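Since the model is a prediction, treat every value here as computed from it, not as a measurement.
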Amino acid sequence: MHKVLVTGAAGYLASNLTNLLKDMDCQIVRLGRPGTTFLPVEGAATVEDITGDIRESTTWERALSGVDTVFHLVAQTSAYVANENPDADLEINVLPMLHLLETCRKSDCQPNVLFAGTVTEAGIPQSIPVDETHLDRPITIYDVHKLMAENYLKYYCSQGAVRGATLRLANVYGPGPSSRRDRGVLNQMVRKALKGETLIIYGQGDHLRDYIYVDEVVEAFLLAAKNIEHINGQYFVIGSG
């Protein structure tokens, strides 16, 4: 039976991904931080819930046992928080990826690793649309660290320690647990509109942002895992155009 590890298991993306995986013949390991409350999951899949500090190598040694595919979705997602405390952001957005990859290298296991990146790793667009040929010029600590984690994954893929790919996500919207702070803006706008509340527009309303529905995102992750032999070491921009 295929064994899947999902990090950040109680989060927005992971919850939607688990909901898609639950009807498949697989074993799902949901990894959350200590104190995480996991929602019950019913389906064909078997589900195991574990907690641990992803900044510690020992957590990865335990979590990766027998795993075939890792969906690494856990992250600190606020650019404001990252800029205020770069050290803490490094610890949560970069070091866990390094510990994950080093655990794989040292244990000689070779799972597929699918990583949730962000389109903002590219920085201010030099041309529209932004695609995989666009040069990366990140302008926030958050984006610098996401790019660092992505580059670690590329390197370990090139060394044969794992097979993997990064999906750089546009602004994701749709049902699921509420996002924190500066994420989930479209969901917030929809909720305000349904309540008849005032919608606040940044600037003159002439800024362009790309959005993508969460169901399409989790399907993209499954497609990436299924086709990992063909996309190993690459990244893909996932948006609606």
Side-chain angles (χ1 to χ4, degrees), residues 2-9 11 13-14 16-18 20-21 24 26-31 52 54-55 57 59-77 90-122 131-134 136 138 142-170 172 212 216-239:
H2 197 86
K3 189 173 183 180
V4 176
L5 173 64
V6 181
T7 71
L13 276 182
N16 279 279
L17 179 64
T18 301
L20 189 61
L21 288 169
M24 300 180 183
C26 64
Q27 181 180 356
I28 304 169
V29 179
R30 299 193 292 183
L31 173 60
I54 60 171
R55 297 170 297 182
S57 298
T59 296
W60 292 104
E61 292 167 4
R62 178 166 51 96
L64 286 167
S65 178
V67 166
D68 300 295
T69 299
V70 179
F71 293 101
H72 187 41
L73 310 179
V74 66
Q76 188 293 114
T77 59
L90 180 78
E91 288 183 355
I92 200 67
N93 280 343
V94 181
L95 291 183
M97 174 65 85
L98 185 57
H99 290 323
L100 185 168
L101 297 169
E102 270 294 280
T103 300
C104 292
R105 184 185 68 83
K106 292 176 180 178
S107 64
D108 202 30
C109 66
Q110 194 185 47
N112 304 322
V113 179
L114 287 308
F115 175 52
T118 172
V119 294
T120 52
E121 289 174 52
D131 60 19
E132 291 80 9
T133 66
H134 193 283
D136 296 323
Y142 169 75
D143 295 317
V144 168
H145 286 163
K146 293 293 278 189
L147 184 58
M148 287 174 64
E150 178 182 308
N151 283 334
Y152 271 125
L153 178 57
K154 289 178 183 177
Y155 174 77
Y156 279 79
C157 287
S158 73
Q159 299 302 302
V162 298
R163 296 187 300 182
T166 297
L167 303 189
R168 294 188 180 183
L169 307 179
V172 184
I212 185 164
E216 295 177 337
V217 171
V218 295
E219 287 172 5
F221 271 104
L222 292 188
L223 283 172
K226 183 178 180 181
N227 294 281
I228 196 65
E229 293 182 4
H230 304 292
I231 65 171
N232 186 35
Q234 300 182 53
Y235 78 85
F236 299 88
V237 176
I238 307 297

| query | Do V119 and V237 pass the side-chain contact (heavy atoms from CB on, under 4.5 Å) test, and can you show the C-alpha distance, the side-chain angles, and the key distance before you say yes or no? | reply | CA-CA 6 Å; V119 294; V237 176; 3.8 Å; yes
| message | Test of understanding: with ring-ring contact (aromatic ring centres under 6.0 Å, His included), list the residues that count as partners of H145, not counting sequence neighbours. | response |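 Partners of H145 under the ring-ring contact (aromatic ring centres under 6.0 Å, His included) test: none.
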Which atom pairs, donor and acceptor, lie under 3.5 Å between side-chain atoms of residues 217-231 and protein residues at least two apart or in another chain?
{"from": "N227", "atom 1": "ND2", "to": "L223", "atom 2": "O", "distance (Å)": "2.8"}

| Backbone of E132 reached by a side-chain donor or acceptor of Y235 within 3.5 Å |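 Such a contact is found between Y235 side chain and E132 backbone.
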| message | So does T77 get a backbone contact from the side chain of K146, meaning a donor-acceptor N/O pair under 3.5 Å? | response |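 Side chain of K146 to backbone of T77, a donor-acceptor pair under 3.5 Å: no, none is there.
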Run the side-chain donor-acceptor check on residues 158-167: report pairs under 3.5 Å with partners two or more places apart or on a different chain.
{"from": "S158", "atom 1": "OG", "to": "Y155", "atom 2": "O", "distance (Å)": "2.5"}
{"from": "R163", "atom 1": "NE", "to": "N112", "atom 2": "OD1", "distance (Å)": "3.2"}
{"from": "R163", "atom 1": "NH2", "to": "N112", "atom 2": "OD1", "distance (Å)": "3.3"}

Could you give the distance from [atom1] ([X]) to [atom2] ([Y]), rounded to the nearest 0.5 Å?
X: L17; Y: R30; atom1: CG; atom2: CZ; value: 11.5 Å
X: L153; Y: N232; atom1: CG; atom2: CG; value: 8.5 Å
X: L73; Y: L5; atom1: CG; atom2: CG; value: 9.5 Å
X: I28; Y: H2; atom1: CD1; atom2: NE2; value: 11.0 Å
X: C157; Y: L101; atom1: SG; atom2: CG; value: 7.5 Å

| said: So for atom CZ, which belongs to R55, do other residues, nucleotides or ligands contribute more than 12 heavy atoms lying within a distance under 6.0 Å? | reply: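 Counting other residues, nucleotides and ligands, CZ of R55 stays at 12 neighbours or fewer.
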| query | Would you say Y156 has more than 12 foreign heavy atoms packed within less than 6.0 Å of its OH? | reply |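 It does: Y156 OH has more than 12 such atoms within range.
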Taking every non-hydrogen atom, the tightest pair across [X] and [Y]:
X: G8; Y: A14; value: O-CB, 3.1 Å
X: V67; Y: A63; value: CG2-O, 3.4 Å
X: V29; Y: K3; value: CG2-CE, 3.5 Å
X: T103; Y: H99; value: OG1-O, 2.7 Å

Less than 4.5 Å apart, side chain to side chain, heavy atoms only: is that true for [X] and [Y]?
X: E121; Y: T118; result: yes
X: W60; Y: C104; result: no
X: L13; Y: L169; result: yes

| So among V6, V74, I54, which one has a side chain to side chain contact (heavy atoms under 4.5 Å, CB included) with L31? |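 The option that passes is I54.
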